[in-house]
Amino acid sequence: MKHMPFSRRRFLEGMGAGALVGLAPGRLLAESAPDIVLTDANIITQDPTRPRAQAVAIRNGLIQAVGNSRDISALASSKTQRISVGGRTVIPGLNDSHLHPTRAGRFFAMELRWDGVPSLAIGMQRIREQASRTPVGQWVRVIGGWSPYQFTEQRMPTPAELTAAAPDTPVYVLFLYSQGFLNKAAVEALGISPDTKTPYGTAYEFTDDGGAIIHAKPNPDLLYGTIGALPPMTEAEQAVSTRHFYRELNRFGLTSVIDAGGGGHTFPDDYKGSDALAMAGELPVRISMYLFPQQKGRELQEFQRWTSEYEANINRAEALLHGYKVRGGGEFLAWAAGDYENFLAARPEITSRSGWHAQLLGVTRHLLRNRWPLRIHATYDESTNHILNVFEEAHALEVAEGRDGFAGIRWAFDHGETLKPATMQRIKAMGGGMAMQARMAYAGEYFLERYGEEMTRNAPPLQDVIAAGLPLGLGSDSTRVASYNPWNTLYWATTGKSIGGTVLHGERQQLTRQQALYHHTVGSAWFSQEEILKGRIKPGQFADLTVLNAPYLEVDDEDLKQIESELTITGGKPVYGAGEFAALAPTLPAIQPEWSPVAHYGGFYRVET
């Protein structure tokens with residue numbers, strides 16, 4: 001039996017946000033006073049009919065009207081909330097085309113984040129301090145989101161340094177899905193030694209100080225497994241952790257995310273923190289979920305169960321249209337077809353793996369028959385073409401049996417760092433899109449060292465994808481292989497630089513700031529079939545927007561990384577506020593457990609004043 005709870009939110013979804021949008025400029029909205037008027041703004045609307053505006057009126061979670069401050073203020077009644085933003089820049093809420101939010105929320109409170117930390121010395125000092133408050137049996141964990149090139153020291157930590165900082169507390173520091181660093185206490189807690197057997201394509205390197213380095217060669221299973229071996233939080237702690245992580249997303253202006261599932265994150269068991277917020281009507285971001293199978297070799301059976309129990313595109317969130325939906329399958333469809341993005345190791349050849357073709361073909365045909373959207377991870381052009389061969393075969397077989405195949409299915413590749421023009425045309429011919437993330441901003445120096453300058457200048461080929469006519473959505477792939485801060489993504493996409501300042505993209509592939517904003521909003525909405533519903537500040541669209549602390553189109557390149565939201569609104573409700581707008585945001589419960597690193601350092605690094 002499929003999970004399709006009937007409620008007011010499902011009734012509204014059933015009549016369709018499109019129906020609401022169609023009525024929005026008319027009587028449904030225009031004849032009633034707005035709930036909020038936001039005035040005295042520099043609004044980048046992304047509406048071609050009105051590119052700039054000063055004010056916006058919001059009612060019932062939708063944009064009611066856009067115009068100048070005088071006209072919009074005249075719509076207000078005594079019950080309308082009036083917000084003057086004092087000339088600040090306002091943009092549509094940002095939308096990450098590929099993030100792992102439900103998994104990130106599940107772990108956030110237990111993680112010491114190095115996102116944005118400017119020096120390794122500060123990172124090590126925080127490990128030292130956190131170890132002093134971490135109870136026996138727990139770990140200090142730094143799980144991705146950083147690059148050694150962001151540090152003034154321009155290097156990785158060593159196990160010896162981790163042991164010196166935390167001699168008695170286990171420490172695990174993950175660098176992307178390439179390496180993991182263990183101190184001596186962690187090695188002892190895991191009970192590993194040079195005799196310990198590891199999965200194929202992985203290795204331990206034991207160091208003289210008693211610590212170890214985990215290597216993905218290029219298989220990240222050992223890195224995944226080490227995270228999975230650490231003590232979990234309770235369900236109540238996970239729910240609070242998730243609320244705090246979503247507040248972090250709102251801090252940077254994110255109002256929508258596409259959840260790409262993730263390894264070690266099983267649906268529905270591991271989604272309880274986000275489920276609780278959705279059912280309570282407290283989600284501050286719209287989440288479109290793609291389901292990621294966990295059992296290697298049994299992916300088809302997992303998808304068969306999911307398609308029998310869940311219907312795609314049914315909203316599971318109270319009080320937020322399109323707030324929490326299962327959209328389809330991915331980013332992995334079959335583990336054997338995954339080409340890991342570890343630029344410290346050679347490119348994997350997926351065709352060398354037993355069963356990859358049959359497994360991918362079986363899952364693809366099943367999803368097509370059930371009319372589920374799909375997306376698939378592919379870093380390299382070679383892998384993309386192998387996968388396209390399977391997709392074209394699946395389509396032909398389905399059509400031969402009287403079904404539609406890929407016709408009418410929203411589908412995409414994720415990543416595509418080395419994608420070539422001929423491959424883009426194959427994708428276009430089948431109606432697919434490209435979700436591309438800022439992974440090069442965190443690992444680009446290693447790509448440059450391995451593949452050279454010419455390939456690096458085009459990795460990934462953002463402008464070529466646009467020129468080919470493919471839908472393009474920008475995102476992060478956070479929280480393990482990148483940070484969740486979208487301004488790092490926008491910095492990389494427009495300057496061609498890593499977060500450490502290394503020039504990667506050539507000028508030909510760099511986006512303009514207007515292009516980057518479009519593809520981090522409207523462009524990303526294509527992947528959840530919502531491009532007519534959000535991404536613009538336009539009457540009838542969802543009232544998702546953010547007030548910035550700096551003028552996005554005018555600031556210097558290096559200052560892009562310092563942009564944050566001062567006020568974020570999702571579905572017509574303030575969900576984050578800073579400075580003079582802080583009182584508008586709902587109060588969060590205290591982070592749990594009390595010794596959580598988040599309680600002391602927060603998430604993304606804040607400059608201490």
Side-chain angles (χ1 to χ4, degrees), residues 8-9 12-13 15-47 49-94 250 253 255-256 281-286 317-323 521 530 532-548 565-578 580-586:
R8 178 178 180 272
R9 71 180 182 280
L12 289 172
E13 293 282 341
M15 69 180 289
L20 294 177
V21 168
L23 290 171
R27 287 180 299 177
L28 180 66
L29 293 176
E31 292 184 359
S32 302
D35 301 317
I36 294 175
V37 293
L38 188 148
T39 60
D40 306 311
N42 173 25
I43 302 177
I44 303 171
T45 68
Q46 297 200 126
D47 177 1
T49 67
R50 186 194 292 268
R52 294 297 185 96
Q54 294 178 329
V56 58
I58 296 169
R59 180 170 175 79
N60 291 337
L62 302 177
I63 302 294
Q64 180 183 25
V66 179
N68 62 51
S69 292
R70 182 189 62 191
D71 291 345
I72 296 302
S73 295
L75 300 175
S77 72
S78 59
K79 296 181 179 180
T80 299
Q81 183 178 15
R82 300 169 184 260
I83 304 173
S84 169
V85 300
R88 291 173 176 84
T89 294
V90 178
I91 62 171
L94 296 173
N250 296 151
T255 58
S256 291
E282 296 176 345
L283 267 183
V285 290
R286 302 182 200 271
E318 288 287 350
L320 187 63
L321 288 172
H322 289 238
T521 51
E530 297 172 306
I532 66 170
L533 301 177
K534 59 188 180 184
R536 295 182 172 91
I537 298 177
K538 175 181 179 181
Q541 292 219 350
F542 292 152
D544 301 346
L545 54 88
T546 182
V547 180
L548 303 180
S565 172
E566 293 197 342
L567 173 64
T568 302
I569 292 174
T570 302
K573 297 179 180 178
V575 293
Y576 173 81
E580 66 183 88
F581 306 110
L584 298 178

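Heavy-atom basis, side chains included; hydrogens, waters and symmetry copies ignored.
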In short, Ala585 meets Gly577 closest at the heavy-atom pair CB-N, 3.5 Å
Between OG1 of Thr521 and CZ of Arg536, what distance do you get to the nearest 0.5 Å?
8.0 Å
Where the side chain of Thr80 meets the backbone of Asp35, is there a donor-acceptor pair that is under 3.5 Å apart?
no
Can you see which heavy atom on Ala319 is nearest to which on Lys573, and at what distance?
CB-NZ, 4.5 Å
Tell me, do Ile58 and Leu545 make a side-chain contact under 4.5 Å, heavy atoms counted?
yes
Give a yes or no answer on whether the side chain of Gln64 reaches the backbone of Ala57 with a donor-acceptor pair at less than 3.5 Å.
no
Between the main-chain N or O of Asn42 and the side-chain N or O of Arg52, is there a donor-acceptor pair closer than 3.5 Å?
no
Residue pair Ser565 / Tyr576: nearest heavy atoms and the distance that separates them:
O-CE2, 3.2 Å
Roughly how far, to the nearest 0.5 Å, is the CD atom of Glu530 from the NE2 atom of His322?
6.0 Å
Does Ser84 use its side chain to pair, donor to acceptor, with the backbone of Asp40 at less than 3.5 Å?
no
Verify, without hydrogens or angle tests, whether Asn68 (side chain) and Arg70 (backbone) share a donor-acceptor contact under 3.5 angstrom.
yes
Going by side-chain contact (heavy atoms from CB on, under 4.5 Å), Ile83 matches just one of Thr39, Val56, Val547, Leu567. Which one?
Leu567
If the test is side-chain contact (heavy atoms from CB on, under 4.5 Å), which one of Val90, Thr568, Ile91 qualifies with Leu548?
Ile91
Heavy-atom side-chain contact between Pro574 and Ile36 under 4.5 Å:
yes
Check: Leu320 main-chain N/O paired with Arg286 side-chain donor or acceptor under 3.5 Å:
no
Nearest 0.5 Å, what's the CG-NZ distance between Leu62 and Lys534?
13.0 Å
So, do Thr255 and Thr546 sit near enough that their side-chain heavy atoms are less than 4.5 Å apart?
no
Would you call Leu533 and Leu321 a side-chain contact if the rule is heavy atoms closer than 4.5 Å?
no
Minimum heavy-atom separation for Pro92 and Ile537, please, with both atom names.
N-CD1, 3.7 Å
Gln46 side chain to Pro51 backbone, donor-acceptor under 3.5 Å
no
Thr45 side, atom OG1; Lys538 side, atom NZ - distance, nearest 0.5 Å:
9.5 Å
I'd like to know if the side chain of Asn250 reaches the main chain of Pro284, judged simply by a donor and an acceptor atom lying under 3.5 Å from each other, with no hydrogens or angles considered.
yes
